[in-house]
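Notes follow once the structure below has been shown.
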Amino acid sequence: MILTIAGLMALGGACQWLAWRVRLPAILFLLLSGILIGPVAGWFDPDALLGDLLFPFVSLSVAVILFEGSLTLKFAEIQGLERVVRRFVTSGVLVTWGVTAIATHWLVGFSWGLALLFGAIMVVTGPTVIVPMLRTVRPNAKIANILRWEGIVIDPIGALLAVLVFEFIVSSEAGGALSQTLIVFLTLIGMGTLVGLAAGYLLGLALRRDWLPAYLFNVATLAAVFGAFAVSNAVAEESGLLAVTVMGIYLGNRKGVPIEEILEFKESLSLLLITVLFILLAARLDFGSFAELGWAVVGVFLVVQFIARPLKVTYTTWGSSLSWRERALLAWIAPRGIVAAAVSALFAIKLESQGYKGADLLVPITFVIIIGTVVLQSLTAGPLARLLRVSEPDSSGFLIVGANPLARTIAGALEQQKIKVTLTDTLWDNVSRARMAGLKSYYGTPLSEHAELYLDTSGLGRLLALTADEHLNALACTRFKGDFGAKNVFALPVGSKGSGAGNGRTRTSTMANGRSAFIEGANFVELSRRVHRGAEIRRTNLSEAFTFENFHEMHGERAVPLFALDPKGKLEVFNTTMPLEPGPGWTIIALVDPAPPGERKPSTEERRAQAEEKKQHAEERRHEERRHEENERRAATEKPSGT
């Protein structure tokens with residue numbers, strides 16, 4: 001048993017790594033691995049390994065997954081979304097649910113209860129499969145935002161809908177008059193809601209009033225989830241999943257609760273549960289069930305892909321500004337993920353234990369839809385987006401790791417050149433100052449799972465690591481090298497050679513994972529000092545009469561070239577790996593120290609260049625002041641939104 005568990009963990013880790021390398025959803029490799037070691041090779045039997053513990057393990061795993069997913073469901077965010085997105089996660093759900101349920105009932109022969117349950121499970125898409133696909137497809141910002149928010153919000157909504165349908169099936173199967181069935185159903189809903197609200201209130205109160213030390217936040221949260229699930233089930237059978245979902249929604253929407261600490265807990269626990277759960281569930285599949293489903297399951301898949309999704313998109317985008325090309329891509333992308341697989345397996349086990357006819361077919365048909373949508377859409381969505389000409393046209397923007405004064409100064413200069421910029425930082429003060437300056441920012445580390453779901457990289461194709469943590473810079477370069485390409489990843493050394501933090505093995509690792517940003521000798525400590533002393537970023541146009549050499553002669557060591565615009569307007573980063581050679585028609589963007597007193601009188605050409613710099617700088621300052629005034633009041637009221 002020990003060897004089997006260790007082997008599962010190693011196999012799951014390998015699947016996650018492979019998915020990261022090839023930029024495909026990990027669910028695909030986990031399912032295929034489970035099928036290979038289970039029904040194909042016969043090496044692994046989950047029922048023999050876990051026995052009576054299988055059902056409790058799956059139940060508690062699903063409870064944790066639903067709780068973590070429901071934490072991200074904020075009513076304020078739903079209310080603030082555009083009409084199209086609101087329709088996607090509300091009334092549009094009914095379209096997918098109804099079409100899928102009807103198709104399953106007619107084609108496969110499911111009872112109406114089981115067909116409605118399957119339809120409810122199929123309304124979810126899931127960020128764990130949507131986000132990796134968006135990185136590969138790179139659709140325009142409108143499509144990416146709709147799909148990303150649909151995946152994030154619809155998971156707990158779909159799970160809650162499935163729980164309610166399941167509760168109705170169970171209460172109906174109990175027999176008796178219709179009134180008695182409705183009483184049982186309402187009892188389950190009431191008990192699940194009551195226990196969920198009570199558990200959420202007590203846990204939120206403990207977290208808000210610091211009754212628990214910070215290191216016990218995660219343990220207390222996990223214990224509360226398990227406790228709410230067990231108590232609710234003990235009082236009203238099968239109401240536990242509803243309780244933990246309501247608990248997560250309550251905590252996610254209650255002000256003052258430090259859910260960021262709880263969400264960090266998700267990054268390791270959820271990944272572990274997802275990895276093990278998928279392999280376990282796939283290994284339990286019975287090929288005989290697929291044979292029993294026959295070709296009817298292909299018909300259900302075709303209905304889900306080519307009828308249910310297009311109808312939903314047609315309804316939800318009616319009257320919007322989206323073009324038919326954008327609607328076509330939205331109608332194509334809707335892969336199913338972790339919640340669909342986990343919830344279907346859990347409900348199948350419960351219904352089978354109660355002798356519900358056809359319950360053993362719920363998992364196979366769900367896995368067919370999952371594998372079919374992930375494989376088909378992963379392979380075709382990218383070419384389709386390019387064919388429809390809705391791919392992101394410009395991916396030259398910068399993701400800047402760090403929102404410190406130096407990073408904010410550089411980001412502001414890039415925005416002056418109409419270059420899209422997003423900053424990330426784990427210090428709220430830095431993020432708050434960036435937002436007050438009108439700069440788009442993400443509060444949290446770009447390496448987290450939360451960033452995988454919430455950090456919008458549409459339009460971004462380059463990375464600038466500008467923090468005082470050389471290790472973080474190196475990890476960020478490694479993380480985004482696969483997304484942006486090795487030539488588009490830059491890291492600024494922290495200090496000069498021999499200056500402690502910037503020397504030795506860590507510095508070598510940083511430079512191996514990203515190009516050294518800016519000119520030779522530039523480092524974070526020195527440039528930050530210059531900004532603190534009043535250095536400003538200026539533009540200088542080069543010509544036949546005023547070359548790059550003249551620029552160096554005029555400014556000397558007071559100027560550190562950062563970027564260069566070629567005659568076609570393309571922005572390049574000065575770096576030590578491939579030094580730039582700017583010529584006539586280029587524009588130099590440099591960090592320039594204030595002129596010292598007693599400096600020699602510049603030549604006519606130099607004065608002309610300085611006048612041009614001052615004019616450009618004055619325009620940039622006026623623009624910056626206007627933007628600051630417009631954004632200060634709004635940004636001052638913003639709250640942290642990441643981890």
Side-chain angles (χ1 to χ4, degrees), residues 8 27 30-31 34-35 38-39 44-67 69 104 108 110-111 113-122 124 158-174 188 192 225-226 229-230 232-234 236-245 273-290 292-293 297 336-370:
L8 283 178
I27 181 177
L30 294 171
L31 292 179
I35 293 173
F44 176 54
D45 182 1
D47 295 275
L49 176 68
L50 297 177
D52 293 338
L53 293 178
L54 177 62
F55 176 73
F57 174 76
V58 175
S59 299
L60 292 175
S61 297
V62 174
V64 172
I65 292 169
L66 292 184
F67 170 75
T104 308
V108 181
F110 276 8
S111 65
L114 199 59
L116 288 172
L117 176 60
F118 177 72
I121 294 171
M122 286 296 104
V124 301
L160 180 58
L161 179 62
V163 169
L164 294 178
V165 174
F166 173 76
E167 307 295 9
F168 185 77
I169 293 175
V170 172
S171 60
S172 300
E173 286 296 307
L188 296 178
V225 171
F226 286 171
F229 177 81
S232 186
N233 268 351
E237 188 68 24
E238 313 301 347
S239 64
L241 292 180
L242 178 59
V244 297
T245 303
L273 292 177
I274 289 170
T275 299
V276 175
L277 196 60
F278 267 122
I279 296 178
L280 284 175
L281 299 180
R284 293 186 75 249
L285 289 175
D286 181 8
F287 284 160
S289 299
F290 290 103
E292 185 176 348
L293 288 170
V297 70
R336 271 57 179 184
I338 172 63
V339 171
V343 173
S344 66
L346 176 61
F347 290 159
I349 294 174
K350 291 186 175 183
L351 291 174
E352 285 182 61
S353 65
Q354 298 180 16
Y356 198 90
K357 184 179 179 181
D360 58 319
L361 302 179
L362 189 60
V363 173
I365 193 173
T366 301
F367 276 37
V368 167
I369 304 300
I370 291 174

Check against side-chain contact (heavy atoms from CB on, under 4.5 Å), Glu292 and Asp360
CA-CA 10 Å; Glu292 185 176 348; Asp360 58 319; 4.2 Å; yes

Walk me through whether Phe110 and Leu117 qualify under side-chain contact (heavy atoms from CB on, under 4.5 Å).
CA-CA 10 Å; Phe110 276 8; Leu117 176 60; over 6 Å; no

Can you list the steps and then say if Phe226 with Val244 is a side-chain contact (heavy atoms from CB on, under 4.5 Å)?
CA-CA 8 Å; Phe226 286 171; Val244 297; over 6 Å; no

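For the residue pair Gly240 and Asn233, the shortest heavy atom distance occurs at N-OD1, 2.8 Å. A pairwise comparison of heavy atoms in Val225 and Ala63 identifies CG1-O, 4.3 Å as the closest pair. Taking each heavy atom of Leu49 and Leu8 in turn, the nearest pair found is CD2-CD1, 4.4 Å. Closest approach of Pro39 to Ala283, counting heavy atoms only: CD-O, 3.6 Å. Nearest heavy atoms, Gly192 versus Ser232: CA-OG, 3.7 Å. Closest approach of Val165 and Ala120 over heavy atoms only: CG2-CB, 4.2 Å.
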Donor-acceptor pairs under 3.5 Å, side chain of residues 342-349 to any protein atom, not counting sequence neighbours: which ones?
{"from": "Ser344", "atom 1": "OG", "to": "Ala340", "atom 2": "O", "distance (Å)": "2.9"}
{"from": "Ser344", "atom 1": "OG", "to": "Ala341", "atom 2": "O", "distance (Å)": "2.9"}

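To the nearest 0.5 Å, atom CE of residue Met122 and atom CD1 of residue Ile365 are 8.0 Å apart. For the atom pair Leu242 CG and Phe166 CZ, the distance stands at 12.0 Å (nearest 0.5 Å). Here Leu31 contributes atom CG and Ile370 contributes atom CD1; the two are 6.0 Å apart, rounded to the nearest 0.5 Å.
A heavy-atom distance below 4.5 Å is found between the side chains of Ile35 and Leu285. Within the 4.5 Å cutoff, side-chain heavy atoms of Leu277 are placed close to those of Phe57. Looking at heavy atoms from C-beta onward, Leu114 lies out of side-chain contact with Leu361 at the 4.5 angstrom threshold. Side-chain contact between Phe118 and Ile369 is present, with at least one heavy-atom pair separated by less than 4.5 Å. A heavy-atom distance below 4.5 Å is found between the side chains of Leu280 and Phe44.
With sequence neighbours excluded, no residue satisfies salt bridge (charged side-chain N to carboxylate O under 4.0 Å, His left out) with Asp45. A search for side chain to side chain donor-acceptor pair (under 3.5 Å) contacts involving Asp47 returns Arg284, not counting sequence neighbours.
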